[in-house]
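A quick write-up on the structure given underneath.
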Amino acid sequence: MRIVGPAGPRHTELLVAAGFAVVVGGCLLATAIFSPGETTGRIAVLAVVLTVFAARTADPLAALATAVMGWLVATGFLVNHEGELRLAGWPDLLRLGVLVAAVMAGTLWGRIRIARRAAAARVIEIAPDDSLLPAAAMILDATLPDAMLSGERRSRTASRSPVPARVRRPV
């Protein structure tokens with residue numbers, strides 16, 4: 001079974017490469033903000049950076065690969081300070097869990113954002129044919145001041161359409 005992200009297999013490969021750059025940038029940012037002894041703060045900064053990356057890409061495979069790369073780089077450079085991968089047991093697994101949870105939350109956030117945008121596009125496409133739109137436009141006309149509607153009323157009477165000009169979809 002092959003797991004492919006929403007953008008397709010080729011885009012996933014590019015996102016993994018971009019994820020590596022994000023990991024390096026996030027580690028540099030964490031190093032700039034926190035001193036060498038503050039491992040928790042450094043991991044928190046990296047987790048936030050990876051969450052934003054995962055939300056923007058919304059690709060679970062690329063996000064998971066980025067989290068593992070982030071864990072390896074963080075273990076080697078943010079925790080051990082010399083680039084050596086020395087594993088210490090539970091603390092390392094906890095850091096891996098934090099980074100994986102961060103990218104999965106970001107991926108979920110990104111997927112929800114994409115689904116909401118797609119649903120809004122479907123509503124916009126369906127809405128001009130809705131029979132309730134003229135009634136909604138009349139209610140809107142009654143609530144808006146006359147000065148705002150003066151130009152729209154002229155264009156509506158000139159077009160002779162039952163749907164007001166600001167509600168109709170441009171052709």
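Worth knowing before you read on, the calculation uses all heavy atoms, side chains too, and leaves out hydrogens, waters and symmetry mates. Worth saying up front: this structure is predicted, and the values here are computed from it rather than measured.
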Listed by chain and number, what are the side chain to side chain contact (heavy atoms under 4.5 Å, CB included) partners of [X], not counting sequence neighbours?
X	result
L94	none
F77	V73
L72	V68, L85
T39	I43, V79, R95

Looking only at heavy atoms, which two atoms of [X] and [Y] are closest? And how far apart?
X	Y	value
A58	G110	CB-C, 3.8 Å
A55	W109	CB-CE3, 3.4 Å
R113	R56	NH2-O, 3.7 Å
L50	A67	CD1-CA, 4.2 Å
A63	A54	CB-CB, 3.9 Å
W71	D92	NE1-O, 2.8 Å

Are [X] and [Y] joined in one hydrophobic group, where the rule is that I, L, V, M, F, W and Y side chains link up if heavy atoms are under 4.5 Å apart?
X	Y	value
V100	V22	yes
L96	L46	yes
V48	L64	no
M104	L99	yes

Problem set entry | Pairs touching residues 22-35 that satisfy side chain to side chain donor-acceptor pair (under 3.5 Å), sequence neighbours left out |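 Sorted result for residues 22-35: S35-E38.
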For this session: For the pair V16 and M69, evaluate side chain to side chain contact (heavy atoms under 4.5 Å, CB included) and give the outcome as yes or no after the intermediate values.
Result: CA-CA 9 Å; V16 170; M69 286 186 292; 4.0 Å; yes
Problem set entry | Polar side-chain atom of N80 near backbone of G76 as donor-acceptor pair, under 3.5 Å |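 Side chain of N80 to backbone of G76: no pair is present.
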Exercise. Do side-chain atoms of T51 reach the backbone of A102 as a donor and acceptor pair under 3.5 angstrom?
Worked result: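 A pair under 3.5 Å: yes.
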Between [Y] and [X], is there a side-chain heavy-atom distance shorter than 4.5 Å?
X	Y	answer
F20	T66	no
R42	I33	no
T107	D59	no

Problem set entry | Connected hydrophobic set around L108, excluding itself, where side chains approach under 4.5 Å |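 So far as hydrophobic clustering goes, L108 is joined with I112.
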Problem set entry | Side-chain hydrophobic cluster, 4.5 Å single linkage: members besides L93 |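 Listed partners: W90.
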